[in-house]
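Worksheet: one structure, shown below.
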There are 4 protein chains.
Amino acid sequence: MKKREVQSSVKDEKLVQIRRDQMIKGAVTLFKQKGFHRTTTREIAKAAGFSIGTLYEYIRTKEDVLYLVCDSIYDHVKERLQEDLEHKQGTLESLKLGITNFFHVMDEMQSEVLVMYQEVKSLSKDALPYVLKKEIEMVGMFENLLNKCIENGELDLTEKQVKIIAHDIFVQGQMWGFRRWALRKLFTLEEYIELQTELLFKGIKKYEMSNK
Amino acid sequence: MKKREVQSSVKDEKLVQIRRDQMIKGAVTLFKQKGFHRTTTREIAKAAGFSIGTLYEYIRTKEDVLYLVCDSIYDHVKERLQEDLEHKQGTLESLKLGITNFFHVMDEMQSEVLVMYQEVKSLSKDALPYVLKKEIEMVGMFENLLNKCIENGELDLTEKQVKIIAHDIFVQGQMWGFRRWALRKLFTLEEYIELQTELLFKGIKKYEMSNK
Amino acid sequence: MKKREVQSSVKDEKLVQIRRDQMIKGAVTLFKQKGFHRTTTREIAKAAGFSIGTLYEYIRTKEDVLYLVCDSIYDHVKERLQEDLEHKQGTLESLKLGITNFFHVMDEMQSEVLVMYQEVKSLSKDALPYVLKKEIEMVGMFENLLNKCIENGELDLTEKQVKIIAHDIFVQGQMWGFRRWALRKLFTLEEYIELQTELLFKGIKKYEMSNK
Amino acid sequence: MKKREVQSSVKDEKLVQIRRDQMIKGAVTLFKQKGFHRTTTREIAKAAGFSIGTLYEYIRTKEDVLYLVCDSIYDHVKERLQEDLEHKQGTLESLKLGITNFFHVMDEMQSEVLVMYQEVKSLSKDALPYVLKKEIEMVGMFENLLNKCIENGELDLTEKQVKIIAHDIFVQGQMWGFRRWALRKLFTLEEYIELQTELLFKGIKKYEMSNK
DNA sequence: AATGAATGAGCTTTCATTCAT
DNA sequence: GATGAATGAAAGCTCATTCAT
């Protein structure tokens, strides 16, 4: 999918990248504290370390900042996940590793993800589908892991089962970030991962047996 | 937990209730369409059928409206759930019924729930804990169902397992409302319920067996 | 032609009229001094005697103020003209009276007219035709006076001649307002009127004679 | 009258001339479309074919561009007129030729002239008198033509009559450019010239006769 | 001489809230 | 108790101008 371009009046691509990184970093901090709507463009500029005029040299509307933030978060999450998932695919071990990694990423990027989920709907009709597509891609990564296990004979699941389990994993990961105010009181991250995977694997293996 | 009071300059309690109901009804419709921040108090007043001056006779700040809306949504959801859960508790059937009902409620109240989750963070430090408490109560309802089954000898789960399963059910329900843009393409509500409960029950029963 | 409506959030028509009159009065003064573009909405509000918020209760955009100003100027000019033109039409006297009155009005409303001519093109595609129509109506008033004289046998002009003479009169009137920086040094208003009408009447009568 | 200087930090006079010509050409196009105020300096620079930094090497303020544009338009008009008026002065023919030429120039340069008249007031107190002087010079050209005819015995007019007729001719010329939205529907340029000169000459000759 | 990134004052417009009627 | 006109702080965004390269 082609990157959705955000217009900039500055030509130097390198500089655009630098400034936008500053902008995103500042914006995420602010959005975490007060949300997108309560954050002003002036505050974003200040947090990024430049003037309001300069901010608008690199974006066209405030919403562009939100899009850039969402886009950057997805890219980071995806990158972090792909790092770990390249080796030994097709085993239940690799599946568990994938889940563990994902939950860790969600823990680390908790507030970024929180920001994204609470502000996504403020994106315009233009930017929204692009962001949703990215999410589907991420769910797709878990589908891949599951399908590899099926090909490898380690699991036996219907297509729909694969789909729903991938969604469940994804949502459980987000849940750790989203609902940490409740979950942190009950479990450590390690406990959470252990309990969720145990529950999942028992559910999965049971399928496997019952389909034999 | 004592209801968090929202100040009103009108004394007649009955009238306050009537006006607030009008207000909430109008506000929910608007929040669904454009979110809390993009909805103006004037619009809320108009949708409620009275003037902006009157609106402010029944609340003190715009945020009060949000609180009232969230509160009312929770009450509705809870009420709908309790309707169905009063009978034949302690059986796996009743648990499945509880889940099924919850998922249906989430389907029906999808946009209300969406509104709530995306706007909760706009609540003041004052109102937030009250709303979160309500959510814990709802998760607690699933814990209850599970514990009844354990007392009844139908399940054998640790306390932590109960907690996490209750959360999972709750989040899977929300997920149907939240991520319906993705899920609707893959499953009908009935399929979704069937797949999720099947997966859950296999996971649970396995526990049961392995603990024997 | 139906009045082009300018939206107001205030319902009380009487009040709208009062506030808009204040607004127009203030705006004309400012536009005279600095033109439309260099005048800020805050200045307009202040000159009108109310707050910026109140200003925007009675208009929707800054351009609305310009439209209101133009509209009001035309109405005043037209009203002033019609006052005098009701009696003894069809004589050369009445024509001369009409011209004299028009030139006097242009003298009195000099700066208003100047404002209008320099800012009209800032009107949106929406408002412009409405204003131009008003101008054509005013030229039409001189065509009427001329045609009445023709019907009365006092003049003998072709249709095209009537058109161009009406335009000439109109433009000569404006010219007194427009170019007063140059004309005032050369003539008094009375002299100007005398010279222009003398020149015109000789031109007209000559036609009359040559067509006989 | 000494040219009003516009400061430039570039020393090379030749280059200054080149760059300013590019600038004026671009600016006129833009001013025609959107007026002086709605045109940005960036757009002017771009239309001129160089950067915003370079633009400011050749002017000091945006207003300088307007001045340069007005100045250039006047020069063009004047030049075009003088071309034609050098020969056979002092006859009514030459007067008619002068008028005809002027009206043609006004037709050709219609939008430039329109720009000038609508934006002149945006000139600073400093530049304005200089531009107005130019206009007086142009009116003066018609005074000259008339006076030549008087010297030649072809006309017999008072000084004031000469002045007002020169103004009338000038304004009628502008009117063709200014009010072309109305006039074009009624007359071709040739018709317009014919009607106006016929009317004028009859008025003038009548004077002539009546003064005998 | 040419460039264009940076600046920030200043613009138009919105909207939660108040208060006289 | 109901109304809605008035308020003004504050928002998003623009653009003439500067200056280091």
Side-chain angles (χ1 to χ4, degrees), chain A residues 8-12 15-16 18-19 37-45 49-65, chain B residues 8-12 15-16 19 37-46 49-65, chain C residues 8-12 15-16 18-19 37-45 49-65, chain D residues 8-12 15-16 19 37-46 49-65:
Chain A
S8 163
S9 31
V10 174
K11 305 279 170 66
D12 182 342
L15 191 54
V16 171
I18 294 169
R19 292 281 176 269
H37 282 103
R38 294 206 206 279
T39 301
T40 70
T41 50
R42 276 185 157 78
E43 287 170 326
I44 296 170
F50 36 71
S51 72
I52 181 68
T54 301
L55 181 74
Y56 276 90
E57 291 284 307
Y58 294 92
I59 51 159
R60 275 200 319 168
T61 68
K62 188 185 173 189
E63 209 216 274
D64 281 346
V65 181
Chain B
S8 162
S9 36
V10 174
K11 295 288 140 60
D12 181 343
L15 190 54
V16 171
R19 292 280 177 269
H37 282 103
R38 295 204 208 279
T39 302
T40 70
T41 50
R42 273 173 153 94
E43 288 170 325
I44 296 169
K46 194 171 181 184
F50 37 71
S51 74
I52 181 68
T54 301
L55 182 75
Y56 273 87
E57 294 287 310
Y58 295 92
I59 52 159
R60 269 192 327 152
T61 68
K62 188 186 172 187
E63 209 215 274
D64 282 347
V65 180
Chain C
S8 163
S9 31
V10 174
K11 304 280 170 65
D12 183 342
L15 191 54
V16 171
I18 294 169
R19 292 282 176 268
H37 282 103
R38 293 205 205 280
T39 301
T40 70
T41 50
R42 274 190 155 73
E43 288 170 325
I44 296 170
F50 36 71
S51 73
I52 181 68
T54 301
L55 181 75
Y56 275 89
E57 291 284 307
Y58 295 92
I59 52 161
R60 275 199 320 167
T61 68
K62 187 184 174 188
E63 211 216 273
D64 281 347
V65 181
Chain D
S8 163
S9 36
V10 175
K11 295 289 139 60
D12 181 344
L15 191 53
V16 171
R19 292 281 177 268
H37 282 102
R38 295 204 207 279
T39 301
T40 70
T41 50
R42 272 173 155 93
E43 288 170 325
I44 296 169
K46 194 172 182 184
F50 38 71
S51 73
I52 181 68
T54 302
L55 182 75
Y56 274 87
E57 294 287 310
Y58 295 91
I59 52 158
R60 272 193 326 155
T61 68
K62 187 185 174 188
E63 209 216 276
D64 282 346
V65 181

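Naming convention: chains lettered A, B, ... in sequence-line order (proteins, then strands); numbering from 1 in each chain.
Residue contacts shown for Thr39(A) are limited to sugar-phosphate atoms, with no base heavy atom under 4.0 Å away. Across all strands shown, Arg38(C) has no heavy atoms under 4.0 Å from either base or sugar-phosphate atoms. Thr54(C) comes within 4.0 angstrom of a base, heavy atoms only.
For the pair Ile44(B) CD1 and dG4(F) P, the computed distance is 17 Å after rounding to whole Å. Rounded to whole angstrom, the span from the CZ atom of Phe50(C) across to the P atom of dG8(F) amounts to 13 Å. Remark: P of dA2(F) and NZ of Lys11(B) are 13 Å apart, rounded to the nearest angstrom. Remark: C1' of dA16(F) and OH of Tyr58(D) are 19 Å apart, rounded to the nearest angstrom. If you take CD1 of Ile59(A) and P of dA5(E), they are 16 Å apart, rounded to a whole angstrom. Following rounding to the nearest Å, Glu43(C) (CD) and dG10(E) (C1') show an atom-to-atom distance of 11 Å. Spacing between atom NE2 of His37(D) and atom P of dT12(E) amounts to 12 Å, rounded to whole angstrom units. Atom CG of Leu55(B) is separated from atom P of dA2(F) by 12 Å (rounded to the nearest Å).
A parallel orientation is assigned to the rings of His37(A) and His37(B), their planes being inclined by less than 30° (bins at 30° and 60°).
Mapping Thr41(C) and Ser51(D) onto DNA chain E via the closest heavy atom, the residue that lands nearer the 5' end is Ser51(D). Each of Gly49(B) and Lys62(A) has a nearest nucleotide on DNA chain F; the 5'-most of these lies closest to Gly49(B). Along DNA chain E, the nucleotide closest to Leu15(A) and the one closest to Glu63(C) are compared, and the more 5′ of them pairs with Leu15(A).
For the atom pair CD1 of Ile52(C) and CD1 of Ile44(C), the computed distance is 8.0 Å after rounding to the nearest 0.5 Å. Put simply, CG on Leu55(B) and CZ on Arg42(B) are 11.5 Å apart, with the number rounded to the nearest 0.5 Å. Between atom CG of residue Asp64(B) and atom OG1 of residue Thr41(B) there is a gap of 12.5 Å, rounded to the nearest 0.5 Å.
Figure legend. dA1(E) is base-paired to no nucleotide; pairs are counted as Watson-Crick or G-U wobble with both atom distances under 3.5 Å. In this structure, dT21(E) and dA2(F) make a Watson-Crick or G-U wobble pair, each of the two defining distances being under 3.5 angstrom.
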Sub-3.5 Å pairs of nitrogen or oxygen atoms, protein against nucleotides 18-21 of chain F:
none

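Residues Val16(C) and Val10(C) share a closest heavy-atom pair of CG2-O, 3.6 Å.
Applying the side-chain contact (heavy atoms from CB on, under 4.5 Å) rule to Ser51(C) yields the partners Thr54(C); only residues at least two apart in sequence or on another chain are considered. For the side-chain contact (heavy atoms from CB on, under 4.5 Å) test, residues two or more places apart in sequence or in another chain that qualify with Ser9(A) are Glu57(A).
Here the nucleotide nearest the side chain of Arg19(B), chosen from dA2(F), dA6(E), dT12(E), is dA2(F). Candidate nucleotides dA16(F), dG12(F), dA5(F) were compared by shortest atom distance to the side chain of Arg42(A), and dG12(F) ranks first.
In this structure, the side chains of Tyr58(D) and Leu15(D) come closer than 4.5 Å at one or more pairs of heavy atoms.
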